[in-house]
Amino acid sequence: MSWFEIGNTILGTVGFAITIVTLVKVQSVHRAQTEERTLLRRLYGTESLADHLRSAAGFLRQGEQDARNLAEELVRMCGRIEGISRALDSMNRLRGTAGEQRMVRLVERGYYTPPFYNRVVNDAESNADFLMYRNLQVSAVDLLQSMERAAKRGVHIRILAISSAADDSVLEQASLVLPWPQVPPDTLRRQLAESEERIRTVVAGWPVRARRNFEYRGYVITPNMHFARMDGTVMQGFVGTLSPAQPDQLEDRGYVELPRDREPGATLSRHFEELWAQSGGQRVVGGDT
């Protein structure tokens with residue numbers, strides 16, 4: 001077998017190995033921590049592979065022209081392997097300086113739909129907070145049953161929605177940004193009042209432990225935020241845009257999941273707490289009932 005044929009065989013084998021290593025390495029940049037990347041390098045042997053390629057290149061340079069050409073190709077492959085390793089190391093340093101930042105997660109659809117509510121309530125371990133405009137969905141019997149079960153197991157649930165006692169100007173502004181179905185201010189006031197009464201009546205029949213973990217208040221300022229919190233995560237959609245800008249179907253609304261203890265999730269959390277404090281006089285159902 002000639003040097004050229006031997007070289008092609010070596011080159012094909014090494015190229016396949018590098019392809020596998022490259023795919024694994026690129027994926028690990030996005031999902032692995034330092035220990036995982038170190039383990040992968042050890043398992044796939046990128047350092048030892050580069051050393052062997054350098055040795056082969058040095059030997060081939062002593063032979064014919066075809067062998068020397070193959071040697072140069074192997075040297076280039078060494079550079080690719082080393083580049084992958086450096087990229088992994090750079091990502092590790094960035095993660096360290098960023099303090100292990102959690103990524104913002106984009107969810108393309110399903111914001112403030114019945115499955116969204118149920119996921120927040122059912123998955124919550126300590127708290128579930130909702131800041132909304134209209135209260136129709138949270139007055140649904142099946143969702144209230146889910147909230148009762150969560151409250152009985154110790155989840156603290158707080159709901160903030162526009163109060164039926166808000167001024168006409170507040171309801172007029174709200175009607176401009178309400179998602180489908182849009183209603184005039186007087187209809188919105190009636191809907192808010194009916195839903196408040198339904199929630200009040202249903203929660204009154206809960207056991208004491210569940211009632212103590214459930215609070216509902218109405219706010220009377222112009223609405224400007226809309227989001228939910230579940231334990232350490234803030235889920236914020238884009239309902240505050242004008243109604244014509246909203247998707248045709250509620251299920252198509254996207255949202256982002258943000259860490260509660262980092263910006264901008266921390267600002268949204270402070271907004272909720274401030275509005276909650278301001279709305280103490282508009283308590284529909286209190287945690288002390």
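Heavy-atom basis, side chains included; hydrogens, waters and symmetry copies ignored.
With rounding to the nearest 0.5 angstrom, the CD atom of Gln137 is 10.5 Å from the CZ atom of Phe116. With values rounded to the nearest 0.5 angstrom, Leu176 atom CG is found 8.5 Å from Glu172 atom CD. Taking CD from Glu148 and CD1 from Ile157, the interatomic distance works out to 10.0 Å, rounded to the nearest 0.5 Å.
Judged by distance alone, the side chains of Thr201 and Arg198 never bring a donor and an acceptor atom under 3.5 Å apart. With 3.5 Å as the limit, one finds no donor-acceptor pair spanning the side chains of Arg260 and Thr233. Using modelled atom types, one finds a donor on one side chain and an acceptor on the other under 3.5 Å when comparing Asn135 with Tyr216. Donor-acceptor pairing under 3.5 Å is lacking for the side chains of Arg189 and Ser164.
Annotation: ring pair (Phe, Tyr, Trp, His ring centres under 6.0 Å) contacts of Tyr117 (sequence neighbours excluded): Tyr112, Phe130. For Gln282, the side-chain contact (heavy atoms from CB on, under 4.5 Å) partners two or more places apart in sequence, or in a different chain, are Ser163, Ala165, Val220.
The environment of Glu263 atom CD is dense: over 12 non-hydrogen atoms of other residues, nucleotides or ligands sit within 6.0 angstrom.
Using a cutoff of 4.0 Å between basic side-chain nitrogens and carboxylate oxygens, Arg229 and Glu273 are scored as salt-bridged. Under 4.0 Å is where a charged nitrogen must lie from a carboxylate oxygen, and between Arg119 and Glu257 at least one such pair does.
Taking the six-membered ring for Trp and thresholds of 30 and 60 degrees, Tyr133 and His226 have ring planes more than 60 degrees apart, a perpendicular arrangement.
In this structure, Tyr111 is a member of the same hydrophobic cluster as Leu106, with clusters built from ILVMFWY side-chain heavy atoms closer than 4.5 Å. Phe214 and Leu136 are assigned to two separate hydrophobic clusters, defined by single-linkage of ILVMFWY side chains at heavy-atom distances under 4.5 Å.
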| task | For side-chain contact (heavy atoms from CB on, under 4.5 Å), just list the numbers for Arg217 and Val285, CA-CA rounded to whole Å, side-chain angles, deciding distance to a tenth of an Å, and then say yes or no. | result | CA-CA 7 Å; Arg217 296 180 184 181; Val285 178; over 6 Å; no
| request: Any chance you could lay out the side-chain contact (heavy atoms from CB on, under 4.5 Å) test for Glu197 and Val284, step after step, and finish with the verdict? | output: CA-CA 8 Å; Glu197 182 58 31; Val284 177; over 6 Å; no
| field | Leu192 vs Ile162, side-chain contact (heavy atoms from CB on, under 4.5 Å): CA-CA, chis, key distance, verdict | value | CA-CA 8 Å; Leu192 291 169; Ile162 300 173; 3.9 Å; yes
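Between the Asp129 side chain and the Ile159 main chain, no donor and acceptor come within less than 3.5 Å of each other. Listed for the Ser195 side chain is a donor-acceptor partner under 3.5 Å among the backbone atoms of Gln191.
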